[in-house]
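Read through the structure below, which is laid out as structure tokens, and then see the notes.
Worth knowing before you read on, the calculation uses all heavy atoms, side chains too, and leaves out hydrogens, waters and symmetry mates. Convention: sequence-line order gives letters A, B, ...; per-chain numbering from 1. Bear in mind that the values here come from a model prediction, so they are computed numbers and not experimental data.
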Number of protein chains: 2
Amino acid sequence: MENSNPHPYYPLDARINNYAPNDASVLSLIATASVGVTALLGATFLLSTWVRPTLSIASRIAILWFVLSGTLHCFFEGYFMINHDHMVSAQDFFGQLWKEYAMSDSRYLTSDTLVLCMETITVLLWGPLCFGVAYSILHNHSLRHPLQIIVCMAHLYGDTLYFATSLYDDHVHGRPYCRPEPFYFWVYYFFMNFIWIVVPAYYLYQSMKTISQAMTKLDADSLSRKGQ
Amino acid sequence: MENSNPHPYYPLDARINNYAPNDASVLSLIATASVGVTALLGATFLLSTWVRPTLSIASRIAILWFVLSGTLHCFFEGYFMINHDHMVSAQDFFGQLWKEYAMSDSRYLTSDTLVLCMETITVLLWGPLCFGVAYSILHNHSLRHPLQIIVCMAHLYGDTLYFATSLYDDHVHGRPYCRPEPFYFWVYYFFMNFIWIVVPAYYLYQSMKTISQAMTKLDADSLSRKGQ
């Protein structure tokens, strides 16, 4: 049966109805998103400097990362969680951004079970926890590194499953969710998600190293006390 | 079209071909599995006592847990990873166990994308890491708690996604993967998986608490040294 309401998404037979093309151009969407992200990072940097002027640059960058992740999880992905079943015709800013991103993964417009469940957990748990990690860095809280490992693991495992399931459906079932143009695959699908592999891997390593050094020091102190 | 080779799994139209009923009874499968698990735990307990006689009971129980998890991941789930596309007609021990378990989740017999990707990651990463945690407990390694948090997070996140996706498909898409008898739902699907929520939650809490106390103590020591 011919699709009565054609759409630009893959696979071509994906059940996506009532598609309305974006009003805004891709360039203006990306420009607006960039301004928003820059404003968020700038405000967070200033706020963290004001609250804790002595904080190291590395800690301030870490706060920027977790605030950025938490904001995307709670608001951008929160928008998806609430509007997933009708955002294909939306013309508000987040709706248009999602419709553009879905060129690289149509599962966001078909309420795919895995994507929807994973995004819901991300919005409800990992988003708030990202803000928790940022707060714990700001106040040098003793739970900073355990929480940082938890959030990094959530990013790494979630992202790996995200990549694995779509690549499997494409290569084994011959069911691609991404349009064939390399731009969509490499920039939206690969690069935008790979960031949440690389950076969490670094912060996971950092936390493991910090905890390991702390444990080694405590054991050494305990031994030297016994020897006194 | 009538299914040419009927099967007992849900949903009734699940694409499961060449089904062969188990040769062994459920009772004998469970009895054999119980003997195997008991032998594994007994051998692990004796080995850990022999290597480190001074190890606390709590640490030995933790080793049992991570060795049991690692063994299930690497061998039982490893069997699924290798044989998922033809184990529906298998009559070996693991094949029969999987066919019995699949009464509560037919995704294990349809090479479901999420289940297959998640199990593959579990076999290749979390299984070996479970043995790594057991080893780190045995030798009081400084990486014990970071690794323990990573494995517990993998269990908690994976299990939550496992529950969420199947419940969503059942309640929203009207597509149940579990047979209607309460035994399959509550004993196989719910209880057998819920164990990997409750125990990892406890060990996650334990590691977070231990690390937090260590960090607090180090900070206090550092402050008191500065005050001297």
- Task: Before accepting this row, confirm whether a basic side-chain N of the pair B/D221/A/R225 lies closer than 4.0 Å to the acidic partner's carboxylate O.
- Result: yes
- If you look at every heavy atom in B/H73 and B/G127, which pair is closest and at what distance? CB-CA, 3.5 Å
- Note on the structure: Within residues 167-197 of chain B, contacts to chain A at heavy-atom distances under 4.5 Å involve B/Y168, B/D169, B/H173
- Which atoms of B/L147 approach chain A - backbone, side chain, both or neither, heavy atom under 4.5 Å: side chain
- Message: For the backbone of B/V67 and the side chain of B/T71, can you confirm whether one donor and one acceptor N or O come within less than 3.5 Å of each other?
- Response: yes
- Item | chain A contact via B/H141 - which portion, at a heavy-atom distance below 4.5 Å | neither
- Message: Can you confirm whether more than 12 heavy atoms, excluding those of B/F163, are under 6.0 Å from its CZ atom?
- Response: yes
- Message: For the backbone of B/A90 and the side chain of B/K99, can you confirm whether one donor and one acceptor N or O come within less than 3.5 Å of each other?
- Response: yes
- Is there any residue in residues 203-215 of chain A with a non-hydrogen atom under 4.5 Å from a non-hydrogen atom of chain B, and which ones are they? A/L204, A/M208, A/T210, A/I211, A/S212, A/A214, A/M215
- Message: For A/Y9, does the six-membered ring have the charged nitrogen or CZ of A/R107 within the cation-pi criterion, i.e. under 6.0 angstrom from the centroid and within 45° of the normal?
- Response: no
- Message: Quick check on the interface: out of A/T216, A/L161, A/L116, who has the most heavy-atom pairs with chain B under 4.5 Å?
- Response: A/L161
- Note on the structure: What one should report as the nearest heavy-atom pair of B/M153 and A/I150 is CE-O, 3.5 Å
- Query: Among A/R144, A/H145, A/K217, who wins on heavy-atom pairs under 4.5 Å with chain B?
  - Reply: A/K217
- Between A/Y202 and A/W65, ring centroids under 6.0 Å: no
